[in-house]
**Q** 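The structure under discussion is supplied below as C-alpha cells; questions concerning it will follow.
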Amino acid sequence: MQTENKKYDLPKGYEFDEVEKRWYRYWLEQKTFAAKMEEGKDSFSIVIPPPNVTGVLHIGHALNNTLQDILVRYHRMKGDNTLWVPGTDHAGIATQNVVERQLATENLTRHDLGREKFIERVWQWREEKGGTIINQLKRMGASCDWDRERFTMDEGLSRAVREVFVRLYNEGLIYKGDYIVNWCPRCHTALADDEVEHDPTEGKLYHLKYPYADGSGEVIVATTRPETMLGDTAVAVHPEDERYRGLEKIGIRLPLSDRIIPVVLDHHVQREFGTGALKVTPAHDRDDYEIGLRHELARIKVMDDHGVMNENAGAYQGLDRFACRKQIVADLEEQGFLDKIEPYEHAVGKCYRCGTVVEPTTSKQWFVSVRPLADKAVAAVREGRINIYPNTWYNTFYSWMDNIRDWCISRQIWWGHRIPAWTCKGCGKFVVVVEEPETCPFCGSSELSQETDVLDTWFSSALWPFSTLGWPENTKELQTFYPTSILITSFDILFFWVARMMMMGLHFMDEVPFHDVYLHALVRDKHGKKMSKSTGNVIDPLVMNDKYGTDAFRFTLTAFAAQGREIRMDEERIEGYRRFINKLWNAARFAQMHIKDADPEITGVCDDPSSLPLPHRWILSRTNRTIIEVRAALDGYNFNEIASGLYQFTWHAFCDWYVEWIKADLYGDDETARTNARGVLLCVLENILKLQHPVTPFVTEEIWSQLPGERRTIMLESFPKENPAWQDDEADAAMELLMAVISGLRTIRTEAELHPTAKISAVIIVPDRKKRELLEAFSGSICSMVRAEKLDIVAEAEVPDDAGHALVQEVELVVPLSGLIDVEAELAKLERKRQKLNKELARVQGKLGNEKFLNNAPEAVVDKEREKETEFKVRLAKNEESMARLKKLQ
RNA sequence: AGGCGCGUAGCUCAGUGGGAGAGCGCUACCUUGACAUGGUAGAAGUCGGCGGUUCGAAACCGCCCGUGCCUACCA
C-alpha cells in the first residue's frame, strides 16, 4: 500500500470541506475578486439583490447568487472589467421587528427607549448580527468585491436617498396627500399591500334598507362592515341597471343620519351581486375611494388611528369599531332599516405582524407620482434597451406598469431613511432639503420640525444600481460600471424592485440601470410545494454544502436553472452531481499520475493537432464544440445547458472514451504516442477545468493547483475560446464509427452472457473501403476495448449460423459463439426489432408516397427521409438473414 | 373571479414544427492498474384527453380533465 499511495498526490476521493475553506481564504487574501477598471476593456457589472440584513440564506438566495457568480467568474476570466457589488438591505419593518422582539425579552418597547435610543439599538444589532447572510454568501463561493460591500442605510446611500427625494419633490413628482391605505390600528402604521395577510374568516353580511330621499321606495345594500355606513357619501349602481333607472335624480336618505346622499352611476358595480346597489364609503374602502375620486364624493372618516369612532360618528363617538358595529346593527334593526343578516365567509385583511384586522382608511402619506417615471421604463423595455429573460414576463410587466398607481413611500416606523422634509412653525411651509436646515428659507424661523415618517425600504433599493457606485458624485465606478450588465433576481419582486430601479435609473442617470433582467424560478420541494418551516420541507443550502460540497450543490442549482417558473429541488440530484465532481476529481487524479512533470515537449502538442492520431483529434474537436456550446449557454443565460454540456462532455466523452482509449498509449513503450497522449490529456483537462470553474470554483481551483508547473489561480486564466484548428468533422465521424462498432461488439458479448474478461474472436464485414481501412488501423484498440483475441476485418464473408450478429453504420459485426446463443431469446428480440423497423419503414414510405409532402417539405427533409428508407430496408434485410440463420439452429 | 404556468420513462426534469432525451432509480454481469462515489450492457414512455391547423404536431390553436402559483378577494 505504501508504494501504491506514492503514485498519487491526490487523495482517492475529493475532500471538499478543507479545500473550500482553504481556497476561499486564499481568494480573499489575494483580493482576486476586486474589480479592475482598466482602459480599453469591456465592462461587466452586477449589483447583488441586497438580502435583508436580518436574512438567513435560503435556497432562493443560493440559486440567485450561484447564477450571478457564474456570470461574474466567466466575465472576469474573459478579461472584462468585472464588478459584483455586494450589500444588504436595511429592511425597515423586518429589522425593526427583530429588535423590538429582542427588547420584548427585556420587557421593553421601542417607546420606552425613544426614537433615538431605539435606532442606536438597531445599529448595535446590525453590528453584532447583521453579517450572518454575508458570511453565508461567502460559503456559497460568491466572488463579490467585498471591499465594496454596501448597506442601504450607510452614509453614502442615505445621501443618495435624500438627494433623490429632494429632486423629485422639486420636480413635483413627490407630494403629500390623502390616500386610502391599509391601516393597522394597533401598530399605528400604514401597511404595504404585501404586508397584509388575508385569511378566510367566518363573518356576516348585513343587508341594509336605504330609503329613497323622496320616500317613494328603498334600496337594499349589503355590507360586512355596517359601522362604516356613518361615512357613506353615496350609493352606487351600474349605469345600465334598469332597476334603478332615474334613481340618481332622487338620492338616498342615509339611515341614522339626516344626510341626503347622491346615487352615482359607476361601471365598477356588479349588477349580479346582492341587489346591485353598493354603499360608498370613500374614506374606508379602497374601491369606494376610487369611486369617490371618479364622482368627486366627500370622504368622511369615522374612525381615528386607534380604530375608535370619532366625532363624525355622532352618537357613536368613542366606541371601538367592533362595539360600534353591534350598536349600529341593533339601532338599524330597531328603526326598521335592517333587512337581514347572512353568514358570510370572506377574506379579512390582517396585519402580518400583530394579526389585527386592518382598517382601510385615508391618511396623510407621501407619494411618488409614478406615471411619468413608469412611462420611461415601459419605453425602455419596448425599445429593447432592457431585455427580460425569460420573455414570458414581458406581458406581465406591461400589464403591471399600465395599472400602476402612485407609490406610497411613507411608513410610520422608526428604522429607515427619515423623510427629509421639515414643517416651518413660522410660515407653515414645507422645507425639503438634503441636509438638515437651521432656519426656514422662506421666513427665517428656526422652529422647524422634521417629518416623523421614514421611507419605504424599496425607495432606497430602487436606487441601488447607481447609489452603490457613488452617485450623486460622478465617480469612476459610475462611469465604468453603469449601466450594469444584468440583474438576476426572483420574479416575485419584478414589480416591487425591478420596475422601480428602471424608473429611478432612467430618471436620474438618463440611462437604463441594467441591460438585461434575468428572472429565475422559485425553488420548491420536489412535489412542487412551497418550502416552509411549518411544512418541514425546507432544503437548507448550508446543510447541502456540508453534505455534498458547495460545488456539487452549485452544479445542481445550475442544472435546474432552466428558464421556467419553478424548480422542484430534489436532494437526490445533488447526490448525483456530487458523484460527478468526484468523477472529475478522479480523472484529474489519473491525469496527474501520468503527467507529474511539465516536460516542455507535451505543452505544444495541441497547437496543431492535424498530424495527431484520431482519438486526440476527436477529443480536441469535441472540446472545441463544448467550448462553443458552453459559451453560447453562458451568453444566453441558459444555465441548465451549461451544466448538461459540461456533464456530458466530461463524463461521457472525456472519461468514458478518451481516457480509456489512451491508456494503451500511456502504459505502452512508444515514446511519441505517450507524449501525444500526455499532452492532449493535460490540455483537455485544463480546458475542462477552466470551462467549469465558474460553476464549480473550488474543485477546479484545487485540481488546477495540483497540475504540474508553476500555476497561479485559475481565476486569472483566460476562459477557453473557440479554436478552429481543433474543429475536425472527419475525426468526429470516424470516432463515431469506431465507438459504434465497439459498443455493438460489447452488446453481443453481454447478450451472449459472456464473462466480462472472456476473450472473443470477431469478424467485421465492411464493404466500404475507407471504413475498412479505418477499422483496420484501429484494430488494436478495438481488440483491447472489446477483449478480442482475434479480429478479422474483411470486405465480405459468410456469416456462420451460430454467431452473434449486429449491424451498425453499414458494418456487420459477427462474433462466432458456438453453443452460447440463446436461440429463442435472440429470435424474439429480432422479431421485436423487425416489427419496429417495419413500422418505421411504413411511416417513411407513407411520407415519401405523399405528393404534398414531396412538394411542401424542404428538400433536405425529403432527402433525409429517402436516406432513412434505404437504411431501414438494409436493416430489415439483415434482420431477416439473422433470423433465417437462427432458425436453422432451432 | 381574473391572470400566469405546468402535465414527456418509476422519480426529478430538459426538449417550440421533421427519426422520443438526461440524471437518479431498476435489471444482468464485472473489485481490469483514475474512480465500486466505478465499468459494460439492458428494460422501460398511447409525450394528460379530445378536436383543429399542417405534407408533417410532444411542440402551434381551441375545448376538457388534473395540478400549481400570482393578483383581487370585491360590497
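Just so we're on the same page: letters track the sequence lines, and every chain starts at 1. This structure is a prediction, so every number in the text was calculated from the model and none was measured.
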**Q** Using the side chain to side chain contact (heavy atoms under 4.5 Å, CB included) criterion, which residues pair with A:L817? Sequence neighbours excluded.
**A** A:I748, A:A752, A:L754, A:V815, A:L820, A:I821

**Q** Of all residues at least two apart in sequence or in a different chain, which pass the ring-ring contact (aromatic ring centres under 6.0 Å, His included) check with A:Y637?
**A** A:Y389

**Q** By side chain to side chain contact (heavy atoms under 4.5 Å, CB included), which residues pair with A:A758, not counting sequence neighbours?
**A** A:R749, A:H755

**Q** List in chain and number order the residues that pass ring-ring contact (aromatic ring centres under 6.0 Å, His included) with A:W704, two or more places apart in sequence or in another chain; answer none if no residue qualifies.
**A** none

**Q** Please indicate whether A:E290 has more than 12 foreign heavy atoms, meaning atoms of other residues, nucleotides or ligands, lying under 6.0 Å from its CD.
**A** yes

**Q** Using heavy atoms and a sub-4.0 Å distance, could you list which residues of residues 848-855 of chain A are near RNA chain B? By number, please.
**A** A:N850, A:K852, A:F853

**Q** Output the rounded distance in Å from CG (A:L876) to C1' (B:G19).
**A** 15 Å

**Q** Sticking with atom C1', work out how far B:A58 lies from B:U46, rounded to a whole angstrom.
**A** 12 Å

**Q** Measuring only the C1' atom in each nucleotide, how far is B:U40 from B:G51? A whole number of Å is fine.
**A** 47 Å

**Q** For nucleotides 21-23 of chain B, give me every protein contact, N/O to N/O, under 3.5 Å, one pair per line with atom names.
**A**
from: B:G23; atom 1: OP1; to: A:H652; atom 2: NE2; distance (Å): 3.1
from: B:G23; atom 1: O3'; to: A:Y647; atom 2: OH; distance (Å): 3.4

**Q** State whether A:K868 and A:E871 are salt-bridged, where the test is any N-O pair (Lys NZ or Arg NE/NH1/NH2 against Asp/Glu carboxylate O) under 4.0 Å.
**A** no

**Q** Name all pairs fulfilling the salt bridge (charged side-chain N to carboxylate O under 4.0 Å, His left out) condition that reach into residues 841-855 of chain A, sequence neighbours left out, sorted by first residue then second.
**A** A:K847-A:E865

**Q** Of all residues at least two apart in sequence or in a different chain, which pass the ring-ring contact (aromatic ring centres under 6.0 Å, His included) check with A:Y14?
**A** A:W585

**Q** Going by the rule ring-ring contact (aromatic ring centres under 6.0 Å, His included), which residues pair with A:Y577 if we only count those two or more places apart in sequence or in a different chain?
**A** A:F555, A:Y647

**Q** Please identify each residue that fulfils side chain to side chain donor-acceptor pair (under 3.5 Å) with A:D665, with sequence neighbours left out.
**A** none

**Q** Measure CD/A:E865 against P/B:G18 and give the value in whole Å, please.
**A** 12 Å

**Q** Pairs under 3.5 angstrom, nitrogen or oxygen only, protein versus nucleotides 4-8 of chain B, please.
**A**
from: B:C4; atom 1: O2'; to: A:R565; atom 2: NE; distance (Å): 3.3
from: B:C4; atom 1: O2'; to: A:R565; atom 2: NH1; distance (Å): 2.9
from: B:C4; atom 1: O2'; to: A:R565; atom 2: NH2; distance (Å): 2.4

**Q** N/O contacts under 3.5 Å, protein versus nucleotides 38-48 of chain B?
**A**
from: B:G38; atom 1: OP2; to: A:R579; atom 2: NH1; distance (Å): 3.2
from: B:G38; atom 1: O3'; to: A:K583; atom 2: NZ; distance (Å): 3.0
from: B:G39; atom 1: OP1; to: A:K583; atom 2: NZ; distance (Å): 3.1
from: B:G39; atom 1: OP1; to: A:W651; atom 2: NE1; distance (Å): 2.7
from: B:A41; atom 1: OP1; to: A:S743; atom 2: OG; distance (Å): 3.4
from: B:A41; atom 1: O3'; to: A:T747; atom 2: OG1; distance (Å): 3.2

